[in-house]
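Data block below; observations after.
Just so you know, ligand 1 is whichever comes first in the structure, and atom 1 is the first atom listed for that ligand.
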Amino acid sequence: MQPSVDPSSPSPPPLIETVALTKHFGSVTANDGIDIAVRAGEIHALLGENGAGKSTLVKMLFGVLQPTSGEIRWEGEPVILDSPAGAQALGIGMVFQHFSLFEALTVAENVAFALPDTMPLRQIAAEVREISESYGLPLDPHAPMHRLSVGERQRVEIVRCLMRQPKLIILDEPTSVLTPQETEGLFETLERLKREGRAVLYISHRLSEVKRLCDTATVLRQGRKVATCDPRQETPGSLARMMIGSEVREVKPAPAHELGPVRLSVDRLSWRKPEVQSVALRDVSLEVRGGEILGVAGVAGNGQEELFQALAGFFTSAPDAIRIDGRDVGKLDVNTRRRLGAAFVPEQRMGEAAVGELHLSENTFLSLHASEDLAPRGWLAMSRARAITRRVIERFDVRAGSADPLASTLSGGNLQKYVVGRELSRSPGVLVVNQPTWGVDAGAATMIRQALIDLAAAGSAVVVISQDLDEIYEVSDRIAAISHGRLSAARPVRELTVETLGLMMAGAESGEAAHAP
Ligand SMILES: Nc1ncnc2c1ncn2[C@@H]1O[C@H](COP(=O)(O)OP(=O)(O)OP(=O)(O)O)[C@@H](O)[C@H]1O
């Protein structure tokens, strides 16, 4: 006999639920009594400003961090998630923002590392192919990792996660590294996972994407839950208001100003890093005058990193291939270029721009000791480094648990604010910045972009390398595109449509050449 269904029976419990979940780091309360419920078959956004507590919450759900108090329930039952392996065994998968893949291994070999049992590599390769085809995540299981684009690497992480058949998939800012086409592809995959009855917990600062994709949103502010809503009923503006508690300001364009002389120039620079996976720079030339911002647009992996490294002096070139304020600097190292008034913000905030194990003042010292003379006659002027750090924290609203925290204890977006603020603190004559607002919330992104515009308006030459086309259009006076290591001629922003820029990013020098037969 069929069991009869009682219409008054309660709906199934959420797949995962937290009750008063709390996490303290010393005196910092990163999560304060959070209740969140994620149901099977929904895409649930987790929103909040930088430092609101999103990463802390998902790390507890994946067993990386242990709660100070509160409860996690899985399918209605209290559970203790004391390791990622334990979370995975229950059916929880996570795709982190920073991938953990081995360059020298193939796709299938990388997947093999994440699997609990020993499965023959041939079988793994076959399953990778099957999953990648059925979920619209095209991958060659035998491709070496170092050949893969950022988007393809993320697919490896997702396929690796799906191999375990998770019921809940957590994604931390998955679209920040993707091209618009790759983002579309990812959304289709997530929709399919939802149709299969799996749940997706999705951290993002891109509110228009959240509105389009997600069924529910939980909003955190300063460690507390402030709202649960249906983002489809909201606007990006109303979501931002819930996160911040006030309106997001708009970027103000620079007042009309005269351009000064050329402050940064590159003349026919060609270069290839010894590493196999690097992109060769080919005959790159550019000029930036005082008072202007040159935006460099491009899909990740087209030589942006190499261009940044060339300008910052991570490697040397012919003396006159790069000039700062009329001086040949091609042979000079980064500190000497800094002494000449240049400043640099690399894409990798942790590792390249900041050392996690050091306090912020020590990081300030490391980066500015040459340009700010913080080690006169061998004395370490740490009190000056601390004073600079205090000013940066204040001006850029860096939210931290103490006056001089370890860099590793800052949330990703707050560390980015510190790094950008530190480099801007000296009002450099030349600034080169790679992905200035990566991982920062809408309010902080506005503040950083405004600071770049104000710096140029005061007479500096600024190069902004960014994958975010909205950002490129918002801050730049002229835009060039980088493709396969070649930089197009720069065009004034007013004359450049997104379509033309798209063609330039695809390698057509003027944007029209792509139409040629
Ligand atoms: N290991 C730690 N030690 C001390 N404080 C920490 C540690 N990890 C995080 N915090 C603090 O906890 C708070 C929440 O950080 P969390 O990384 O969860 O924020 P977030 O919402 O993910 O931010 P973002 O959008 O910038 O990534 C921040 O104030 C951060 O400085």
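- Relative to the six-membered ring of F344, R338 misses at least one condition, a distance below 6.0 Å or an angle of at most 45° to the axis.
- Proximity of E49 to ligand 1, defined as any heavy-atom pair under 4.0 Å, is confined to the backbone N, CA, C and O atoms.
- Between S55 and ligand 1, an N or O atom pair is found at a separation short of 3.5 Å.
- For G53, the closest heavy-atom approach to ligand 1 falls below 4.0 Å.
- Proximity of the aromatic rings of Y418 and F396 is defined here by a centroid distance below 6.0 angstrom, and this criterion is not met.
- Remark: distances from the non-hydrogen atoms of A400 to ligand 1 are all 4.0 Å or more.
- Using a 4.0 angstrom heavy-atom cutoff, A52 counts as in contact with ligand 1.
- Counted within 6.0 Å of CZ on R224, heavy atoms from surrounding residues, nucleotides or ligands total 12 or fewer; the atom is thus considered open.
- Residues satisfying the salt bridge (charged side-chain N to carboxylate O under 4.0 Å, His left out) criterion with D35, sequence neighbours excluded, are absent altogether.
- In terms of polar-atom proximity, defined here as any N/O pair under 3.5 Å, T409 does make such a contact with ligand 1.
- Atom 2 (C) of ligand 1 has as its closest protein heavy atom F25 CD2, 3.5 Å.
- Side-chain N/O atoms of Q165 and R198 include a donor and acceptor closer than 3.5 Å.
- Of the protein's non-hydrogen atoms, T56 OG1, 3.6 Å is the one closest to atom 16 (P) of ligand 1.
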